[in-house]
Amino acid sequence: MPLSAVREAAVAAITAALEEAFGHTGEEVSLEVPPRRDLGDLAWPGALPLARTLRKAPRQIAEAVVEAARWPEEVERVEIAGPGFLNLYLHRGPFLVRLLSGPSGPLEASGSRVVVEHTNINPNKAAHIGHLRNAVLGDTLVRCLTHLGHHVEVQNYIDDTGVQVADVVVGVLHLPETELAAALGVEPGRRDELIGTFVSRLPREGVPTASTTDFDDLCWDLYPRVTARYEEDPGFAAHRAEVLHAVEAGHGELDLEEAVFTLERAIVSGEPFARRAVARLAAAVADANLRCHLATMARLSVAYDVLPHESDILQLGFWQRAFELLREAGAIRLEESGKNAGCWVMSLADSPEFAEMDDPDKILVRSNGTVTYTGKDIAYQLWKLGLLTDEDGTLHDFGYTPYAHWDREGPAAPVTYGASGQLLARTSSDPSRHIPGHSFGGAGRVYNVIDVRQSYPQKVVREAVRVLGHPEAADASVHFAYEMVALTPAAVRLIEERTGESFGLDEEAMSKSYVEMSGRRGIGVKADEFLDVLTAQAEAAVRERSGEGMDGAETASRARAIAVGALRYLMAKQSRNRVLAFDFDEALAFEGDTGPYLQYSAVRAAKIFARLAERLGEGMVEGDEAAHLRETEVPDDLWELVLACARRREVTAQAVASLEFSLLAQHAHGLAQLFHKLYHVHPVLREEDATLRRLRRAVFTLFVREMHVVLEELLGIPVPEEM
RNA sequence: GCGCCCGUAGCUCAGCUGGAUAGAGCGUCAGACUCCGGAUCUGAAGGCCGCGCGUUCGAAUCGCGCCGGGCGCACCA
């Protein structure tokens, strides 16, 4: 019995009353929750704006509505307040009973598929805290959509053929041996030996346990050395072009061992590197980093359904097909002259959003015949929407192979990869490969979780879908844009102190309110590193509270829950279009408006029931016992919490509609805050009046249940047994 | 130059489709349980909601114009 149901019924009653009393139809009636409970549980301010149309005083209108309306049974009474507000008061006892006996889980899934694409980390180095914002927002969206009854498919796009992966390979093959050895953390040696070391660090299969000494951490050190080299030595860039060409050509099904052997032999003999071997190494680097990223995200209980690979998009000619569709639709043209001569461009002049631009043409195919990133993205988006069709009308699709299986013990438990569980598929360049019982893409709605700096290309992609004659699909293509995560100067100084290295930022940069992270320059806070710091801090706090002799595994589990709670709440509570200036002190806080504060409220409430069971043999209020509460008086402060608990569904819907999870975070915080206040004035165990005790138990039962749903299911924040 | 975002308490931020007295947290100061865990609670101080004009019964919220800050506008990915 969520509040939204009562709301709808009351809206219908008012709409009907307006027609009956004034013959007024077509009014958008909307109810709000008043700022104070003495002003009612729901309110309608609509009599005020109607005064002009109906040429009557607002209070008069309100009175007539009250007179004519047939209110739903949940409404106890209606009052007119102030200039003409209509305040509705609910039957508290019966409402509480219905809330307790109703279901609280997700709605049954129906309707078309919704694709959410998130994470999308370049597979060339470890994830940093900026990637965490993407993953947390994306995963929270997935959770909310699922809760609201959508079929959700989670995609994590892997750019395995880009410059960034190539740069790591350039580092291995061409960086001076001393540099390479330093990045590897070994004594300088011959390159063929160093390559052996590098390859031995690759996680080959499965998903490793995340740490800060993984392969992706090695790349984190290696990559900035390569980009620095490009700046020092302009000739070095030639290596990048070579590697990119090799990657584009592909490696067939070359065995990695064989490829490594070929590369090592080439070093010894001084011959050029064989292209296929280079391509194979690049593929191995991308895959290894991907596995490390999956491990990092698993800690936060984030998982995926399918991993579309850019290499497969290229191999399977997605762009060629998209190009044909665009050309047939007349959406693109070959530029004969001017600065874009020889390029295929899409004109955006007809769409209002782009009309004001200096150059409303977007190049999709370069004059050298290669496709731009945006071009590939258009093809990918069409596939996601099920609109990339071949001439015979069949879908132009990937092949698929199982990549891994994953499981998690609860909605906010860590993800574990293993032999069984939910399927994680990856795309394959062999379109004849299928996984029985599984299909991907073809969604009715697509959310691309990508930071705000990608807004322009995302708009182009959307426009391409539109000009292909799919306006509905274009409208159903949503760019979930969010601002970047940056570092406060204080955070930068702390990192420099800890690593003993300077990022070489000048005074001007350090005087700004934040410093942008940069993988290319190695400026950033690695996700696993930060999670480790958070966990260590949480563990210290747990030990302090639980005393000696605590089981180590139990301590670790609690610490993990607190660390994840702190992190996910931090990411969810800030409005998405505001730069998140990361500060260690703030991020490591466990008091106040933080994840642990929310967790603590749920733990504390659960503790009441544990003690109740021990001492009085009483449990949560459910079923028949709940029915007794029908006639019970519910005081204002307890009622406040009950009403707040009833709002979950509409808050979730609002959060999804606005893509603003700060609403959900704030809702959760409000619940916890109400509970903590009540905790001090509404003791349960000590209360001797059985009726009153039952009421308090009932409200707290509702609260505990609600917190588990909001925190674990929606926000992915675990609720530990104790903390 | 054009477009988007941000500007709310000393600091970090909420404030959803315009609604009733603008809210949290941190920090500061003063307090609370012989207790169901103080990762808590109570109270105080602290606001021309960047500025101006407009729309409206009503504006932090909508429109226009300024000011300040950030980000986009590649044959980069």
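The existence of a salt bridge linking E722(A) and K607(A) is confirmed by a sub-4.0 Å separation between a basic side-chain nitrogen and an acidic carboxylate oxygen. A salt bridge does not link R133(A) to D451(A): none of the charged side-chain nitrogens sits closer than 4.0 Å to a carboxylate oxygen.
Between the CG atom of D38(A) and the P atom of A20(B) there is a distance of 13 Å, given to the nearest Å. In this entry the distance linking OH of Y482(A) with C1' of C71(B) reads 14 Å, nearest Å.
Pair assignment for U40(B) gives A32(B), based on Watson-Crick or G-U wobble hydrogen-bonding distances that are each under 3.5 Å. In this structure, G65(B) forms a base pair with C51(B), meeting either the Watson-Crick or the G-U wobble geometry with both donor-acceptor distances under 3.5 Å. Look at C71(B): its Watson-Crick or wobble partner, with both distances under 3.5 angstrom, is G3(B).
Annotation: cation-pi geometry not satisfied between R604(A) and F675(A) (NZ/CZ under 6.0 angstrom from ring centroid, within 45° of ring axis). Judged by the 6.0 Å distance and 45° axis criteria, R240(A) is positioned over the aromatic ring of Y230(A).
Here the side chain of I608(A) is nearest to one of C36(B), A20(B), G37(B), namely C36(B). Picking from A24(B), A20(B), G37(B) the nucleotide with the shortest atom distance to the side chain of R611(A) gives G37(B). Nearest nucleotide to the side chain of Q666(A), out of G15(B), C75(B), C71(B): G15(B).
Here the side chain of H309(A) pairs no donor or acceptor atom with the backbone of S311(A) at under 3.5 angstrom.
Put simply, R604(A) has no side-chain N or O that comes within less than 4.0 Å of OP1 or OP2 on C36(B). Dashed line: the shortest gap from a side-chain N or O of R578(A) to OP1 or OP2 of G7(B) is under 4.0 Å. For A77(B), the OP1/OP2 oxygens have no side-chain nitrogen or oxygen of Y373(A) closer than 4.0 Å.
Near RNA chain B, meaning a heavy atom under 4.0 Å away, the residues from residues 673-686 of chain A are Q673(A), H676(A), K677(A), Y679(A), H680(A), H682(A), P683(A), V684(A), L685(A).
With centroids closer than 5.5 Å and planes inclined by less than 30 degrees as the test, F85(A) and the base of A20(B) pass as a stacked pair.
Side chain to side chain, Q454(A) and N448(A) fail the donor-acceptor criterion of an N or O pair below 3.5 Å.
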